[in-house]
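Here's the structure, in structure tokens; my notes come after.
For the single chain, residues carry numbers from 1 onward in sequence order. The shown structure was predicted, so the numbers you read here are calculated from the model rather than taken from an experiment.
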Amino acid sequence: MGDHLKNTREWIRHSSNKDDGNNAEKTHFFGHHEEEDHEHMLFTKEELTNPKELAKAMKVKIPLYVPIFNWIKSYSKEDLIGDILSSITVATMLVPQGLAYAVLAGLPAIYGLYSGWLPLVIYSFMGGCKQLAVGPEALLSVLLGSILGGYTTPPEDMSLNDYLVSIALTLALLVGIVSFLFGICQFGFLGGILSRWVLSGFINAVALIIAISQLDSLLGVRTGGGHTSDNSTHHGSTSTSTSTSISGSMSEVLTAETTHHPGPYEKFWTAITNLQDSDKTTVILSAGCIVFLVGMRFFKQLLVRKMGWKNAKYIPEILLTVILTCLITAIFGLDRECVTSEHDENKCIEQGSGVSVLRYVKGGFPSVGFPSFQANTIQELLPQAFLIVIVGFVEATAVSKGLATKHNYQINSNRELVAFGVANILGSIFGSYPVFSSIPRTSIQDMAGSRTCLSGFITSCLLLITCLFLTRLFYYLPYCAMASIIFVAAFGLIEVHEAMFLWKTRSWGDLIQFSIALLATFIFEVEVGILISVGMCIFLVLKHSSSPHVYSVLGRVPGTNRFKDVAKFPEAEPIEGILLVRIDEVLYFANIGQFKQLLSEIERMMDRSTNVTGSGSTPLQSIIINVVNIPVMDASALLTIEEMVTAYHKRNVKVAFVQMSEKIKESFKQSGLYDIVTPQYIFDSNYEAVSFLEQSINYSNNNDSRQVNLNMPQSDQSYDDLNNNEVGGFDQPSSSSSSRFNNQNFLNKNNDNNNNDSNINDDDYQNSYNNNNNNNNNGGGAILSDGLKLEDYSEPESDEFIQSSNQKSKK
């Protein structure tokens, strides 16, 4: 595909300069882009070994991977205004969401803010999507929480919180490395590996899991007695110490005694059966938060549509929820009583009824430290890192490409992988857990008027200010308020319309994929759901590629020299003794065996049809393979085709190739297949190949009693030894690149029945060809008998050509 796009760009660039006497520059949508010529490799071997070439390459390629060097030159005041407004809007949403998503992931709340800081800075320099909001989000947070649920036994010299933080940062480092290597190795196609319906089923299941995981916090159901607020140090710095109240579902992750990680249905059942233990104040506050969040969405739409207030969409309902719940809890004293632990002064045990609150979140600048890199931990987390990269990148690709189309700019998937990789690698050193993009915040950032990636940088600055100076303001933030934010966001991920669309269109296969992904993810662990979903997509891709519509059998449209797919054009007639096949997909190891089998099946069907009808049709003598749609073949395909051609030659069946690209021809030459086929059996058009081989069949049919050496190419011996009874110019390979001209010259001379200067040495062959050319009932040479000559270069696809051909045939 890359070669086709490059050729298209070259053609458009060439055409844009035609008839341009003033050298005026013309703009095309597919115009030439300098960076596209350098995207296949970061640095070539020549560049790495030559300092001068390396310096030149760096000047060209560094701006490709750090786009800020390109767009900052044209940055305007209007861009700055839009970026500032959008960054403030997103920051008001990201701060409470970051705190909530860190709790959802099973980590101290401050790490949600750390995860939204440095990755945003890195992406603003290296990212290509101008409106993409990078940072913590619900889907990856619940995946991380599911992974951390398996790590409940910390080392003796480390607290459970520190242990979980260490695991999360190591996972972020691995995610960054995997993403970076995927980008460098051009694995951007992974953005399309997951079927839309499989991904939709997985996301719907995760949304339900997220919603159910918040029921304990929403209802105030407490398991395991009193809750603690841990003010101990995290990430190796007193400045980053934090407190977190372990409530509801969090206790299942952070309690060392917990050995079983319950599934969503178990959590749902536990919450329902413990309703009598729920806290009334918490339930009322949770219900109020949910109603407020949902109601504000409808209210903003009402203001925009009915009252015409377009700026209503910027009302930060999430920030308002945080502010109001903090004020209500503090003013009315709704928080639970906190008693300092006798064994640890840093721990605060909550007692009595009331609302569990976040309490102390001592932020500060995150300490710098390289994540733990133990071999056994790496081995355990590496598969999870691959899954997170695939899921996160698929989600990011879906939204970023949509925005690029909307705002008319281009996104390179490979460079996006590199940007996400660097963001996670550096972020893990500064306390960030794995992050990609957030769809809700991206939508808000786009609507708020973001113009460039600088909006993400400004957002990160506001987030850092919050970490340094404003974390104490969240002392009275209720866990039920954060759970409400997550709960509403989770239901925003549910896509019921996707399932309705599949049902309406009766797409049962896609509906089955959707259902399998949903049920597997919901019933089993999230990791198992990912494995099943990705595995199912890989299976479907391999199944499609190994048994695709890899070929089309072509027949002749009567009265023309056009050849059409017989499945789509029933009027197309079979070619006597010739099978014309066009390969419609790339041949490689997964489908070349299927193509070989398909040719055998077609041949058997042709033989069976001949025997049943008793038509006495000419048996298969030639196979023409049109390879116009194939840009490249791998070694498996080349070797299998070589075996096929050799087998057909042993049966005296000729094999010709049509419209072969230079790249395929070079592969044929390197593999030795070019010498087996021989140059004279490589044609530029279906018409040339069919005409050439038809005359070979006609000559052979009229000279059955004579010994004729027309059957196969003689690639391993000299053609000078052929006797005078053989066709002098027919099977003789060209000594230069003009073999096609020799074949065409042969046909052109034989089209003229009165041409006495023909170079054909066999008079009997000339007479038999002339007789066949004047007899339309013999089956061969139908095109020539319609009065069409090879030098007739009318456009075969045009209506005028068809009409003129029909008129000739009537005459």
Polar side-chain atom of [X] near backbone of [Y] as donor-acceptor pair, under 3.5 Å:
{"X": "Ser460", "Y": "Leu118", "answer": "no"}
{"X": "Ser146", "Y": "Val142", "answer": "no"}
{"X": "Thr329", "Y": "Cys326", "answer": "no"}
{"X": "Asp446", "Y": "Gln131", "answer": "no"}
{"X": "Ser432", "Y": "Ser428", "answer": "no"}
{"X": "Asp510", "Y": "Trp197", "answer": "no"}
{"X": "Asn591", "Y": "Val586", "answer": "yes"}

note = Taken in chain and number order and not counting sequence neighbours, the residues that satisfy side chain to side chain donor-acceptor pair (under 3.5 Å) with Gln301 are none

query = More than 12 non-hydrogen atoms from neighbouring residues, nucleotides or ligands closer than 6.0 Å to OH on Tyr409, yes or no?
reply = yes

query = Among Tyr123, Phe420, Phe393, which one satisfies ring pair (Phe, Tyr, Trp, His ring centres under 6.0 Å) with Phe436?
reply = Phe420

Identify all side-chain donor-acceptor contacts of residues 168-175 below 3.5 Å with residues at least two apart in sequence or on another chain.
unit_1 : atom_1 : unit_2 : atom_2 : d
Thr170 : OG1    : Ser166 : O      : 2.9
Thr170 : OG1    : Ser372 : O      : 2.9

message = Working note: Leu511 + Arg506, criterion side-chain contact (heavy atoms from CB on, under 4.5 Å); need CA distance, chi angles, decisive distance, verdict.
response = CA-CA 8 Å; Leu511 186 60; Arg506 300 296 189 267; over 6 Å; no

Could you pull out all donor-acceptor pairs under 3.5 Å where a side-chain atom in residues 490-503 meets a protein atom, sequence neighbours excluded?
unit_1 : atom_1 : unit_2 : atom_2 : d
Glu495 : OE1    : Ser200 : OG     : 3.1
Glu498 : OE2    : Arg196 : NH2    : 3.2

All side chain to side chain contact (heavy atoms under 4.5 Å, CB included) counterparts of [X], not counting sequence neighbours:
{"X": "Leu518", "answer": "Asn204, Ala205, Phe514"}
{"X": "Leu387", "answer": "Gln384, Ile530, Leu531"}
{"X": "Ile538", "answer": "Ile193, Val534, Leu542"}

message = Before you tell me yes or no, could you show the steps for Phe202 and Val391 under side-chain contact (heavy atoms from CB on, under 4.5 Å), namely the whole-Å CA-CA distance, both residues' side-chain angles and the distance that decides it to 0.1 Å?
response = CA-CA 10 Å; Phe202 172 76; Val391 173; 3.9 Å; yes

Between Ser455 and Ser450: side-chain donor-acceptor atoms closer than 3.5 Å =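 On atom types as modelled, these side chains qualify, holding a pair under 3.5 Å.
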
ask   = Under the salt bridge (Lys or Arg N to Asp or Glu O under 4.0 Å) criterion, do Lys300 and Glu317 qualify, and how do the steps go?
value = CA-CA 10 Å; Lys300 289 195 298 184; Glu317 69 272 14; 2.7 Å; yes

query = About how many Å separate CZ of Arg415 and CD1 of Ile184, when rounded to the nearest 0.5 Å?
reply =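 One finds 11.0 Å between CD1 of Ile184 and CZ of Arg415.
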
inquiry  = Within this structure, what is the OG1-CG distance for the pair Thr89 and Leu94, rounded to the nearest 0.5 Å?
reply    = 12.5 Å

query = Where is the tightest heavy-atom contact between Tyr433 and Gly112, given as atom of each residue plus distance?
reply =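 Answer, listing the atom of Tyr433 first, then Gly112: CE2-CA, 4.3 Å.
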
note = Closest heavy-atom pair, Ser400 versus Ile411, reported as atoms and distance to 0.1 Å, is O-CG1, 4.0 Å

task = Start with the C-alpha distance between Ile315 and Met296, add both sets of side-chain angles, then the distance that settles side-chain contact (heavy atoms from CB on, under 4.5 Å), and finish with yes or no.
result = CA-CA 9 Å; Ile315 298 176; Met296 280 299 295; 3.5 Å; yes

query = What about the rings of Phe386 and Phe182, do their centers lie closer together than 6.0 Å?
reply =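 Aromatic pair counts; centres sit under 6.0 Å.
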
query = Where do Leu120 and Phe457 land on the side-chain contact (heavy atoms from CB on, under 4.5 Å) test, with the steps shown first?
reply = CA-CA 6 Å; Leu120 264 176; Phe457 178 79; over 6 Å; no

inquiry  = Between Glu416 and Thr397, is there a side-chain heavy-atom distance shorter than 4.5 Å?
reply    = no

